[in-house]
Amino acid sequence: MAQCFRSAHGIGYEDYRTNPKLQLEVEKQREREYALSQSFGMRPETGSHHRQ
């Protein structure tokens, strides 16, 4: 898990766990990435590829 966390966020999980400032930055980045994924229509119910 630590290796995946480091490759995804550029910091180690132990650093994330013990540093509130890093936690805030990682969570902000996750929110930005989530919002971006939603704007691209990656959700099946809102994507352009979804037909009714």
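- The shortest heavy-atom contact between Q23 and T18 is NE2-N, 4.4 Å.
- Within the structure, salt bridge (Lys or Arg N to Asp or Glu O under 4.0 Å) contacts touching residues 5-16 (residues at least two apart or in different chains) are E14-R17.
- Using cut-offs of 30° and 60° on the angle between ring planes, the pair F5 and Y16 is tilted.
- Identified under the salt bridge (Lys or Arg N to Asp or Glu O under 4.0 Å) test for residues 28-40, with sequence neighbours left out: E27-R30.
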